[in-house]
Amino acid sequence: MRAIRYDHAVDHYLADLPDPEPAPGEVRIAVRATGVCGTDVHLHEGEFGPVYPLTPGHEVVGEVVELGDGVTGLRTGQTVAVDNMVPCGACDNCQRAQPAFCRTLRAFGVTAPGGFAQFMVAPATRCHPVDDLDLDTAVLAEPLSCAIHGLDVLGPQAGADVLLLGAGPTGLILTQVLRSGGAGRLTVAASTEFKLELARGYGADETVRVRLTPDAESVAQLRKAAPDGYDVVIDATGSIDAMGHAVGLLRNGGTMLVYGMAGEQQQLPISPYEIFRRELTITGSFARSYGFDRAVRMLRTGRVRADGFVTHRFGLDGYGEAIRTVVHDSSCLKAVVEP
Ligand SMILES: [Zn+2]
Ligand SMILES: [Zn+2]
């Protein structure tokens, strides 16, 4: 089969590899669509713990083409969305219901072969049938399950006044989850008009166009919409320039959720006095724990929609171009590779 391979960061090539064989309990999947996301860009740069040789791709939808021994509940020809995280279930963190911190976590596309390939294998138990969904919708199952984890962590009060920074694929998924998850008012701030337009279509009550690096004018605009501050500010940009303003935009007793991924070495000055005096909470959401089945349900009921998401499509041989597009092309919302 053909598959993208990295032997170290940055350099990648289209390799000719043996078709992977499903072990007992696993299935072989012919990959139909794999989403390209910001995490793939970090992996490309060698961040986020890649294990080499690596075939990335963790937002995978494909067709089951072979069942390993002992597989029940799936049949060949079925289309599935793959939950790429396989925790051991036995270590201390798994037993504390924190599978994302599993000591021996296998993550397809990060520490094990992923979906930028013609075929991959995965445990049948991590494959969720999505025959009734179109591919562009099904490919959102993985990022949506992460957004659901974000809300699990946040536990927002019904009616909360929420500010969401960022309207990329993640921001627009969060927009829809917050909208149906009980936000009383949702304000989305981003720098690109077409993304804000999508945000309004997905249920944002207010949108504010701010600079990529929010300046005093941008912040004043956000403050004007909520003079006493927001109950919740979510950063879905990963930019510390944006995050630096989040604490100041919180209402007393408010919560900031760090959802976007900043650089590993970046630091943010925050006033402990302000956290103390105003009883603020700062929390983070990494990957997911239990939410993949809920993600598929929200796609199935149309609570989360995919129309307008996929703006760019590539074959396996266009993978390098796909990474460049995600980084540099502001007209790109979601790119998918269709092997
Ligand atoms: Zn992703
Ligand atoms: Zn574990």
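The first residue of the sequence shown is numbered 1, and numbering continues consecutively from there. Every number for a ligand or one of its atoms is a count from 1 in the order of the listing.
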Listed protein N/O/S atoms, distance to the Zn ion (ligand 2) under 2.8 Å | C88 SG, C91 SG, C94 SG, C102 SG

Considering residues, nucleotides and ligands other than [X], do more than 12 of their heavy atoms fall under 6.0 Å from its [atom1]?
X: R126; atom1: CZ; answer: yes
X: E279; atom1: CD; answer: no
X: R305; atom1: CZ; answer: yes

Identify the heavy atoms of L333 and P169 that sit nearest to each other, and give their distance.
-> O-CG, 3.1 Å

If we ignore angles and hydrogens, is there a donor and acceptor under 3.5 Å between the side chains of Y290 and H149?
-> no

Would S218 and R211 count as having a side-chain donor-acceptor pair, cut-off 3.5 Å?
-> no

Pairing residues for F309 by the ring-ring contact (aromatic ring centres under 6.0 Å, His included) criterion, not counting sequence neighbours = Y202

Mark yes or no: R5 above the aromatic ring of Y13, with NZ or CZ under 6.0 Å from the six-membered ring centre and no more than 45 degrees from the axis.
-> no

Considering residues at least two apart in sequence or located in another chain, which fulfil the salt bridge (Lys or Arg N to Asp or Glu O under 4.0 Å) criterion with D293?
-> none

Sort by chain and number the protein N/O/S atoms that are closer than 2.8 Å to the Zn ion (ligand 1), and list them.
-> C37 SG, H58 NE2, E59 OE2

